[in-house]
Asker: 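Have a look at this one.
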Protein chains: 2
Amino acid sequence: MSLDLRKIRILQAIIDDYILTASPVGSRAISKHPDINLSSATIRNEMSDLEEYGYLEQPHTSAGRIPSDKAYRYYVNSMMQRAMLTEDELKFIEQHFSRTVDDADKIIRQTAMVLSDMTNYATMVLPPNPSAIRLRRIELVPVTDGKALVVIVTNLGVSSDTLIRIPKGITADRLHQLSNMLTDNFANCRIEDITANKIALMTDILGSGKEYIDEMLARFKGTILTNKSNVEFFGTSKLLDYPEYSDVDKAKALLDTIERKDSFKTAISGASNLEFSITIGSENNDPIIKDCSVVTATYRVSGEKLGSLGVIGPTRMDYSRVLALLEHFGKSLGTVLTNMIDEENN
Amino acid sequence: MSLDLRKIRILQAIIDDYILTASPVGSRAISKHPDINLSSATIRNEMSDLEEYGYLEQPHTSAGRIPSDKAYRYYVNSMMQRAMLTEDELKFIEQHFSRTVDDADKIIRQTAMVLSDMTNYATMVLPPNPSAIRLRRIELVPVTDGKALVVIVTNLGVSSDTLIRIPKGITADRLHQLSNMLTDNFANCRIEDITANKIALMTDILGSGKEYIDEMLARFKGTILTNKSNVEFFGTSKLLDYPEYSDVDKAKALLDTIERKDSFKTAISGASNLEFSITIGSENNDPIIKDCSVVTATYRVSGEKLGSLGVIGPTRMDYSRVLALLEHFGKSLGTVLTNMIDEENN
DNA sequence: TTTAGCACTCCCGTATCATGAGTGCTAACA
DNA sequence: TGTTAGCACTCATGATACGGGAGTGCTAAA
């Protein structure tokens, strides 16, 4: 089943052409390709083979052929070479990151927008992986008698503040004391390390505090974890540019799916583990996005995988360029965030 | 130029029909209307008049007629009666608001989503009007030596927290003292009441604190005010359902415009002043949304106008139902938020 | 003032047809 | 034996024509 060099060349030419034009490519067009010196008849034979192997599909007799998902997969795994970004592009990206904004979320979002503009595909931002979050400090601040504000400082900056009910009559000193205990016990913990068990062990130290500490940590875990589903999308309407979606019903189905957000699980779950993940067409679970591909890259803060950026486009997307851009954006984003957090922490 | 009763009836019938079907309505269809006992020929004469006055338009000879923006305006101002929501709808809405979520932003967003689902139009949320925000409490929490966390509690709950640089060596007690001073001076102030002037007056009280207090307040104002442009949209892809946007290019132009967000200024600026605002078709500044109407309603928290909800649909939207829904949602949302904030505050 | 009647307009869906890009197959060629 | 030229065949696409139908405006009669 492995392809000989000539078949690979032909397949490459077909894919390149199809990515560019979105219309089925015929044998004659390929025979004109500078790298390929064969008559259209020969190409036809080869294409017939490639179709038999499952790399090509024919919309109908007497049309050219289009690459199958399998072809893209093969292309991505074995054939593609990483594109180089141009000077101008690099400069443009650098310029984007040099604008100083001091809100991490905003930077991430703006990055996704720029990425969308540069690729002309839709992009998405996957929120920080909860296990990358480490507690730094827990502070209970009295607000009114009976209410305290919980401020939890994490390695990513302040990440949660909620009001909790506390028994009346607790003094500021006592709260301060509790804060210190909690900080001592949980500093550098991951969020999933905070177990009921551990809290129970602290009961004797905490004394009367236990009940509201429980509430507080539960809420904190809650907000961090619900955050998980907060995928955000940008530039989705760009997908309407592509002839794949010149049918309004198809377009609507796609945008609906994106807006509902829960259909990118395959891509997303892959994303959290891998440096890059590429999900092509029908590899997605949802049949609605079966002619979309999703490419994601994680970005790291202080060496730790934090979240990911993703690009959503038609299966015939320019994988090579997208990967190059994602890699570059991922790295720059990581650096900027790392610097920002370092600066905040000392 | 004022219309006699018969013309009004006919116009009403045309509008009703057109809202329903989106296709030009002819004289014969109207003559069959139960309320109207006239031959199609008579209707034709009347329609001809209505066209002359500018209430109707004809896509081409031998087509029926469609209401103009002027007609919708007249309809909305003088003819429309508020729709009643059904029992089921009321129940459904109540059910939505009874689910307890303790995050105000999340409630507002979910409300916008439900509103979008019930109307099948796109909806938007305009963020709180900054002048509705009042400070309750300012708290400086030491984090590391040289860094403090600023927590500002407002009448809408905790609304900002930033790390600021402070001179090294300041004691927790001193910070606490500063917090109290700031709270005493600014409690119940609006954000725009915090002027450089007032801070200058406090210099003698604050002593060495002044510089970083300046930084802090500037940042706070910044985050509140940048919030202003944060319009959020929901269910935008629903607009693709309507034949107005069966052309992909038109659809893309619309969605692009929505995503770029800055084109709803007319509607938005109206929204912040009025209880309801209705912007019909070409009354919008941007020609791209010239066949969209935007209806907004403000919601109040503790009697004060906080933000608004908006509905975006084709000009032939069901204004009556949309207004009824907006009114109901606005009120319920206000109540829920008011309760939530009251509960948090004591 | 209303209405019936009629000629006229024009969109729209369908059918027809020519065109052209593309294929598969066969036979000849190197 | 692999490659290529040639040819018949397929089928989407776009242009054109055409009939039907919904709608109009006008005129004349009720």
Side-chain angles (χ1 to χ4, degrees), chain A residues 3-11 13-18 20-68 71 243-244 246-248 250, chain B residues 3-11 13-18 20-33 35-68 71 243-244 246-248:
Chain A
L3 304 177
D4 61 38
L5 185 60
R6 197 169 75 175
K7 283 199 173 56
I8 292 180
R9 281 244 183 79
I10 291 173
L11 185 55
I14 293 174
I15 292 177
D16 286 347
D17 205 61
Y18 188 70
L20 217 63
T21 66
S23 45
V25 4
S27 54
R28 223 175 104 75
I30 299 303
S31 74
K32 281 184 189 148
H33 194 103
D35 291 6
I36 295 172
N37 255 337
L38 293 167
S39 75
S40 62
T42 314
I43 310 271
R44 272 205 288 288
N45 289 331
E46 295 289 43
M47 282 166 89
S48 178
D49 286 353
L50 284 168
E51 180 170 2
E52 198 180 322
Y53 298 160
Y55 292 102
L56 292 179
E57 286 163 5
Q58 211 172 5
H60 54 84
T61 5
S62 93
R65 290 190 169 81
I66 63 178
S68 66
E244 282 79 345
S246 59
D247 177 38
V248 186
K250 242 178 146 187
Chain B
L3 303 178
D4 62 37
L5 185 62
R6 197 169 74 177
K7 284 199 171 59
I8 292 180
R9 280 242 182 80
I10 290 173
L11 185 54
I14 293 173
I15 292 178
D16 286 348
D17 205 62
Y18 189 70
L20 218 64
T21 65
S23 46
V25 4
S27 54
R28 223 175 104 76
I30 299 302
S31 74
K32 280 183 189 148
H33 195 102
D35 290 5
I36 295 174
N37 255 336
L38 293 168
S39 76
S40 63
T42 313
I43 310 269
R44 272 203 289 288
N45 290 329
E46 295 288 41
M47 282 167 90
S48 179
D49 286 352
L50 285 167
E51 181 171 2
E52 198 179 324
Y53 299 161
Y55 292 102
L56 292 179
E57 285 164 5
Q58 210 171 5
H60 54 85
T61 4
S62 93
R65 288 184 170 86
I66 63 177
S68 66
E244 281 81 343
S246 59
D247 177 39
V248 186

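Computed over heavy atoms, backbone and side chain alike; hydrogens, waters and symmetry mates excluded. The shown structure was predicted, so the numbers you read here are calculated from the model rather than taken from an experiment. Labels below follow one simple rule: chain letters A, B, ... track the order of the sequence lines, proteins then strands, and each chain is numbered from 1.
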Asker: Can you check whether any acceptor in the base of dG25(D) is under 3.5 Å from a donor in the side chain of R44(B), or vice versa?
Answerer: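 In this structure, the two groups form a donor-acceptor pair.
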Asker: How many whole angstroms separate atom CG of L38(A) from atom P of dA30(C)?
Answerer: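 It is 17 Å, rounded to the nearest whole Å.
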Asker: In whole angstrom, what separates D49(A)'s CG from dT23(C)'s C1'?
Answerer: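 Distance check: D49(A) CG to dT23(C) C1' gives 15 Å.
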Asker: Check every atom of dT2(C), dT4(D), dG25(D) against the side chain of T42(B) and return the nucleotide holding the closest atom.
Answerer: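 The listed nucleotide nearest to T42(B)'s side chain is dT2(C).
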Asker: Send over the distance from L56(A) CG to dT23(C) P, rounded to a whole Å.
Answerer: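 Taking CG of L56(A) and P of dT23(C), I get 10 Å after rounding.
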Asker: Check the distance between dG21(D)'s P and R28(B)'s CZ and give it to me in whole angstrom.
Answerer: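 Those two atoms, CZ and P, are 13 Å apart.
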Asker: Strictly below 4.0 Å, heavy-atom distances to any atom of DNA chain C: list the hits from residues 58-67 of chain A, or just say none.
Answerer: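 Here the set is Q58(A), S62(A), A63(A), G64(A), R65(A).
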Asker: Could you check if a side-chain atom of S68(A) sits within less than 4.5 angstrom of a side-chain atom of E57(A), using non-hydrogen atoms only?
Answerer: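 Touching, per the 4.5 Å side-chain cut-off.
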Asker: Report the residue (A29(A) or A41(A)) whose heavy-atom-nearest nucleotide on DNA chain C is the more 5′ of the two.
Answerer: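 Result of the comparison: A29(A).
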Asker: Within this structure, what is the NZ-to-P distance between K7(B) and dT1(C), rounded to whole angstrom?
Answerer: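 In whole Å, dT1(C) P lies 11 Å from K7(B) NZ.
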Asker: Taking CG from D17(B) and P from dA22(D), how many angstroms apart are they, rounded to a whole number?
Answerer: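 Going from D17(B) (CG) to dA22(D) (P), I get 15 Å.
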Asker: Quick check: do Y55(B) and L3(B) have side-chain heavy atoms less than 4.5 Å from each other?
Answerer: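 In short, these two side chains touch, coming nearer than 4.5 Å.
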Asker: Which part of the nucleic acid does S40(A) contact within heavy-atom distance under 4.0 Å: base, sugar-phosphate only, or nothing?
Answerer: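 Result for S40(A) = nothing.
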Asker: In whole Å, what is the span from the CD atom of E51(A) to the P atom of dT23(C)?
Answerer: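 My rounded result for the distance is 10 Å.
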Asker: Would you mind reading off the distance between N45(B) atom CG and dT2(C) atom P, rounded to a whole angstrom?
Answerer: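 Spelled out: CG on N45(B) to P on dT2(C) is 9 Å.
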